[in-house]
Amino acid sequence: MEHKGPVLAPPYEPLPVHIDSHFIAPAEEVATFFAKMLDHEYTTKEMFRKNFYKDWRKEMTSEEKSKITDINKCNFTEMSEYFKAQSEARKQMSKDEKLENERILQEYGFCVMDNHKERIGNFRIEPPGLFRGRGDHPKMGMLKRRIRPEDIIINCSKDSKHPKPPQGTRWKEVRHDNKVTWLVSWTENIQGSIKYIMLNPSSRIKGEKDWQKYETARRLKKCVERLRAQYREDWKSKEMRVRQRAVALYFIDKLALRAGNEKEEGETADTVGCCSLRVEHIKLYSKMDDQEYVVEFDFLGKDSIRYYNKMPVEKRVFKNLQLFLENKQPEDDLFDRLNTSILNKHLQELMDGLTAKVFRTYNASITLQQQLKELTSPDESIPAKILSYNRANRAVAILCNHQRAAPKTFEKSMQNLQTKIDEKQKQLSATRKQLKGAKTEHKASHDDRSKKMVEVKRKAVQRIEEQLMKLQMQATDREENKQIALGTSKLNYLDPRISVAWVKKWDVPMEKIYNKTQREKFAWAIDMAEEDYEF
DNA sequence: AAGGGCACTTAGGATTAGGCGA
DNA sequence: TCGCCTAATCCTAAGTGCCCTT
């Protein structure tokens with residue numbers, strides 16, 4: 001392994017003299033971080049302002065400290081306007097910058113691993129700024145400090161050309177550990193966690209891991225019925241811990257919930273997964289509308305995305321849940337005899353390599369395969385096939401609760417599309433009229449010229465019909481996708497060989513399903529899978 | 001079995017590039 | 001050719017899961 005090391009964040013450039021920030025670096029720099037975010041909702045949040053202010057003060061001189069007593073009296077708008085103008089200006093002269101970016105990519109964006117040139121994923125060190133946690137994060141607004149060469153650990157081969165630190169500096173450490181895949185690491189100051197520079201998804205090492213992941217999920221496919229029978233049996237166990245384990249596993253299997261590791265309170269946003277569900281996150285309804293034994297889930301999961309679902313469960317599960325809830329407070333754990341480590345240990349005994357997250361991969365992939373089978377009709381057009389594919393993908397995204405905020409421009413973009421459809425419709429009826437006219441004329445004259453005209457118009461009508469249909473499919477697709485994110489499941493949960501096989505079977509161009517980056521990431525699958533591939 | 005450290009995958013939002021119609 | 005809009009890419013936070021120590 002040989003590489004050039006990371007690209008460091010550019011040093012701070014003090015504000016020009018005509019902007020009086022009332023500060024000198026480093027407090028000025030920290031102030032600019034806030035100013036750059038001024039348009040964002042973050043800066044209005046109490047916690048964000050409080051954390052920012054506390055860290056900001058640490059950077060001030062004693063003079064600055066005595067001048068500034070209250071963040072609410074600080075006005076960042078002049079700085080903010082300055083940065084807005086700067087980024088406008090940068091847009092104009094972006095050509096040189098693009099060239100420079102390309103040069104940096106060529107120099108730092110690649111490494112040589114086992115004699116192969118490979119693309120590096122994130123070769124830039126994260127620049128300093130204000131921490132933006134997701135959801136209700138207790139540390140939002142804290143200062144994320146600048147990473148210096150002295151903070152950075154380099155990992156490369158002993159006999160390779162070692163990356164050079166900038167003049168006058170040194171790395172924290174240069175090590176030669178071939179048991180791990182990272183090239184560069186450092187510790188960030190907000191959570192104290194380690195950050196890494198690793199290879200791009202197109203690399204051999206990432207591809208092989210990805211392939212392995214899906215092979216494990218396919219092994220689960222072979223024994224999943226046995227496991228299901230097992231956990232259903234365990235619902236009746238004498239032991240509470242076994243019952244809890246079995247009900248949790250049922251949720252993970254049926255609802256594709258995440259495992260739910262414990263988190264340190266006060267360090268992160270309050271989110272949960274299956275094993276960390278609390279009493280307050282579920283409600284039981286012995287009857288709801290025309291259904292019996294309904295469980296209502298309402299909690300914040302990864303990235304503070306809300307999971308809301310109502311599911312009828314079997315009577316035995318329902319009775320167990322009632323039991324688990326007995327004599328508990330809302331903030332108590334639902335599964336008090338269970339955690340992810342216990343669950344995974346159990347799963348490991350059931351199948352080699354089995355963990356909670358394999359269920360998500362398995363259920364996602366098998367759902368895609370089933371949905372594709374169900375939704376694709378042989379005689380439909382290519383655009384219709386793509387709609388079917390996206391709908392299958394969507395079923396998975398819904399299962400995995402992959403949501404997104406509706407795009408800010410959603411309404412407008414729908415409207416634009418509708419306008420196009422209306423225009424196309426008008427064009428269609430006009431052309432149909434012309435076709436009718438041509439037919440009438442041909443009936444009257446029976447000559448060659450009019451016959452040709454009928455053909456021309458017939459073709460035109462057909463073409464416009466196709467265009468119209470394509471637009472309508474697009475509109476349907478976009479509407480259905482308003483709050484659903486397809487990318488995450490496509491990239492992380494769906495065995496790409498299923499898609500490759502589908503594409504080959506129905507002669508759909510690969511690039512309609514996978515863009516360039518995705519084709520690079522899934523090159524192994526494109527190579528491997530034929531149209532008869534079964535997950 | 002509790003708890004921290006570490007390495008890796010998964011995640012949604014922000015930013016940028018580039019395709020397309022005027 | 002320009003400007004707008006969408007799609008692609010970038011960014012980095014937030015998970016999972018295993019290992020080691022006590």
Side-chain angles (χ1 to χ4, degrees), chain A residues 36-37 39-42 87 90-91 94 97-98 101 105 109 121-127 129 131-135 137 139-140 144 153 155 177 179-182 185 187-188 190-201 205-206 209-210 212-213 258-264 267-269 271-276 300-305 339-345 347-348 353-361 364 397 400-410 412-413 416-417 419-420 423 474 478 483-493 514-518 520-521:
Chain A
K36 283 177 182 169
M37 297 172 81
D39 283 342
H40 202 287
E41 200 209 338
Y42 269 116
S87 73
R90 218 154 37 85
K91 258 182 221 158
S94 65
E97 210 167 323
K98 250 179 19 196
N101 275 343
L105 172 67
N122 53 325
F123 51 88
R124 289 171 198 274
I125 297 281
E126 296 171 18
F131 176 76
R132 310 147 82 115
R134 317 242 168 94
H137 197 117
K139 298 194 170 188
M140 62 167 81
K144 202 169 98 166
I153 302 173
N155 192 26
D177 182 353
K179 298 286 177 287
V180 296
T181 68
W182 53 269
S185 77
T187 302
E188 54 89 28
I190 303 289
Q191 326 265 1
S193 65
I194 307 171
K195 301 267 189 154
Y196 303 93
I197 291 181
M198 291 180 186
L199 295 188
N200 187 276
I205 201 161
K206 293 285 186 189
K209 275 275 187 89
D210 212 29
Q212 258 179 37
K213 173 180 77 183
R258 295 188 186 82
N261 281 315
E262 285 127 300
K263 305 169 73 185
E264 216 177 326
E267 292 292 301
T268 59
T271 63
V272 297
C274 186
C275 293
S276 50
L300 298 182
K302 183 176 179 180
D303 293 308
S304 294
I305 297 292
N339 61 38
T340 54
S341 155
I342 295 171
L343 178 63
N344 281 334
K345 220 164 266 162
L347 292 176
Q348 179 59 44
L354 186 61
T355 63
K357 89 187 186 91
V358 178
F359 278 88
R360 240 166 110 81
T361 312
C400 294
N401 200 40
H402 292 143
Q403 300 186 29
R404 61 168 180 175
K408 285 192 185 70
T409 54
F410 185 82
K412 199 168 70 178
S413 98
N416 289 348
L417 200 49
T419 312
K420 273 193 198 170
E423 277 168 14
Q474 251 179 48
R478 196 173 295 182
Q483 303 196 73
I484 314 277
L486 299 186
T488 303
S489 50
K490 198 184 234 183
L491 247 38
N492 301 301
Y493 288 103
Y514 289 140
N515 68 29
K516 182 165 154 283
T517 312
Q518 292 163 344
E520 282 165 10
K521 165 166 174 156

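Quick note on labels: first sequence line is chain A, next is B, and so on, each numbered from 1. Computed from a predicted structure; not experimentally measured.
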For this session: Select base, sugar-phosphate, or nothing to describe what A/Phe131 touches, counting heavy atoms under 4.0 Å on all strands.
Result: sugar-phosphate
*A/Ile305 near the nucleic acid: base, sugar-phosphate alone, or nothing, with a heavy-atom cut-off under 4.0 Å?*
sugar-phosphate
A/Leu486 atom CG is separated from C/dA8 atom P, nearest whole Å, by 12 Å
Next on the checklist: Please determine whether a side-chain nitrogen or oxygen atom of A/Asn261 lies at a distance below 4.0 Å from atom OP1 or OP2 of C/dT16.
Outcome noted: yes
What does A/Thr340 touch in the nucleic acid at a heavy-atom separation under 4.0 angstrom: a base, only the sugar-phosphate, or nothing? nothing
Of the listed C/dT16, C/dA14, C/dT12, the closest approach to the A/Lys195 side chain comes from C/dT12
Query - N/O (side chain, A/His137) to phosphate O (OP1/OP2, C/dA13) under 4.0 Å - result: no
Over all strands shown, is A/Thr268 touching base, sugar-phosphate only, or nothing at heavy-atom distances under 4.0 angstrom?
nothing
Here the distance between atom P of C/dA8 and atom CD of A/Gln518, to the nearest Å, is 7 Å
- Task: Keeping the roles fixed (side chain from A/Lys521, backbone from A/Leu491), state whether a donor-acceptor pair exists under 3.5 Å.
- Result: yes
- Task: Can you check whether any acceptor in the base of B/dT9 is under 3.5 Å from a donor in the side chain of A/Lys209, or vice versa?
- Result: no
Side-chain N or O of A/Lys213 versus OP1/OP2 of B/dT10: is the shortest distance under 4.0 Å? yes
- request: Check every strand shown and say whether A/Lys490 touches a base, only sugar-phosphate, or nothing at a heavy-atom separation below 4.0 Å.
  value: nothing
Residue pair A/Leu491/A/Tyr42 against DNA chain B: nearer the 5' end by closest nucleotide is A/Leu491
DNA chain B nearest-nucleotide lookup for A/Arg134 and A/Ser185: closer to the 5′ end is A/Ser185
| Closer than 4.0 Å, any side-chain N/O of A/Thr355 to the OP1 or OP2 of C/dG17? | yes
Exercise for the section: Indicate whether OP1 or OP2 belonging to C/dA14 is found under 4.0 Å from a side-chain N or O atom of A/Gln191. Expected result: yes
Just call it for A/Ala405: base, sugar-phosphate, or nothing, with non-hydrogen atoms closer than 4.0 Å on any strand.
sugar-phosphate
Exercise. Can you tell me if the side-chain N/O atoms of A/Asn492 get under 4.0 Å from OP1 or OP2 in B/dT9?
Worked result: no
When A/Asn401, A/Leu300, A/Thr271 are each screened for side chain to side chain contact (heavy atoms under 4.5 Å, CB included) with A/Ile305, the one that passes is A/Asn401
Between the CZ atom in A/Arg404 and the CD atom in A/Gln483, the distance rounded to the nearest 0.5 Å is 9.0 Å
Original post:
Distance check: side-chain N/O of A/Arg258 vs OP1/OP2 of B/dA11, anything under 4.0 Å?
Top reply: yes
